[in-house]
Amino acid sequence: VQLQASGGGLVQAGDSLRLSCAASGRTFSSYTVGWFRQAPGEERDFVSAISTGGFRVYYADSVKGRFTISRDNSKYTAYLQMNSLKPEDTAVYYCAAVQGSYSDNVKKYNYWGQGTQVTVSS
């Protein structure tokens, strides 16, 4: 499966953004989708994941209550709605996919999008 992330931008603290992850291939529904982010000089960190059918969602503690992950398998697309953005959310955001079960381990994901920059000014 090929993934393409989009929707990043420059916003102020407290604003919202919605990231999209568009997938090719009709097997999209068999993949868990994860969002990760990487700030300059930092490791790539888990943000959120959603199960194949969309019934189970997972979040890093740092984004719980502010970010919402969702997916529309009919459109081969996953989303990350980000509200109440903070300067510390600034990073390149990547969507990724792995067949089967949920994981928050970046090494488990074998399909990656190209990343989209999110910059939050204070």
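Computed over heavy atoms, backbone and side chain alike; hydrogens, waters and symmetry mates excluded.
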- Provide the full list of side-chain hydrogen bond (donor to acceptor under 3.5 Å, both in side chains) pairs with a residue in residues 113-122, sequence neighbours left out, each pair given once. Q117-T119
- Query: Given side chains that start at C-beta, do those of R66 and D89 come closer than 4.5 Å, heavy atoms only?
  - Reply: yes
- With V98, which of V33, T32, N105 fulfils side chain to side chain contact (heavy atoms under 4.5 Å, CB included)? T32
- Apply the side chain to side chain contact (heavy atoms under 4.5 Å, CB included) test between R37 and each candidate in L80, V92, T90, V63; give the one that qualifies. V63
- Item | Side chain proximity check, Y59 to V57, heavy atoms < 4.5 angstrom | yes
- Message: Applying a strict under-4.5 Å side-chain criterion to I, L, V, M, F, W and Y, I'd like to know whether I69 and V106 cluster together.
- Response: no
- Query: Hey, mind stepping through F67 and S48 against side-chain contact (heavy atoms from CB on, under 4.5 Å) and telling me if it holds?
  - Reply: CA-CA 8 Å; F67 290 11; S48 183; 5.9 Å; no
- Item | Where at least one partner belongs to residues 7-23, residue pairs that pass side-chain hydrogen bond (donor to acceptor under 3.5 Å, both in side chains), sequence neighbours excluded | S16-N83
- Note on the structure: OG (S29) and OH (Y76) are apart, to the nearest 0.5 Å, by 8.0 Å
- Which of parallel (below 30°), tilted (30 to 60°) and perpendicular (above 60°) describes Y94 and W112? perpendicular
- Message: Are the side chains of L3 and C95 in contact, using a 4.5 Å heavy-atom criterion?
- Response: yes
- E88: partners by side chain to side chain contact (heavy atoms under 4.5 Å, CB included), with sequence neighbours left out: K86
- Message: Can you confirm whether Y79 sits close enough to S70 that some side-chain heavy atom of one is under 4.5 Å from a side-chain heavy atom of the other?
- Response: yes
- Query: Between S62 (side chain) and A60 (backbone), is there a donor-acceptor pair under 3.5 Å?
  - Reply: no
- Query: Would you say the side chains of D72 and S74 form a donor-acceptor pair under 3.5 Å?
  - Reply: yes
- Centroid-centroid distance, F36 to Y109, less than 6.0 Å: yes
- Query: C21 and W35: side-chain contact (heavy atoms from CB on, under 4.5 Å), yes or no, with the steps?
  - Reply: CA-CA 9 Å; C21 177; W35 285 95; 3.6 Å; yes
- For F46 and S103, work out which heavy atoms get closest and say how close. CE1-O, 4.1 Å
- Query: When you measure from the side chain of Y93 to the backbone N and O of Q38, does any donor-acceptor pair fall under 3.5 Å?
  - Reply: no
- Message: Taking the six-membered ring for Trp, are Y111 and Y31 closer than 6.0 Å centroid to centroid?
- Response: yes
- CZ/R71 to CD1/I50 distance, rounded to the nearest 0.5 angstrom? 6.0 Å
- Query: So, for V1 and A97, which heavy atoms are closest and what is the spacing to 0.1 Å?
  - Reply: CG1-CB, 4.2 Å
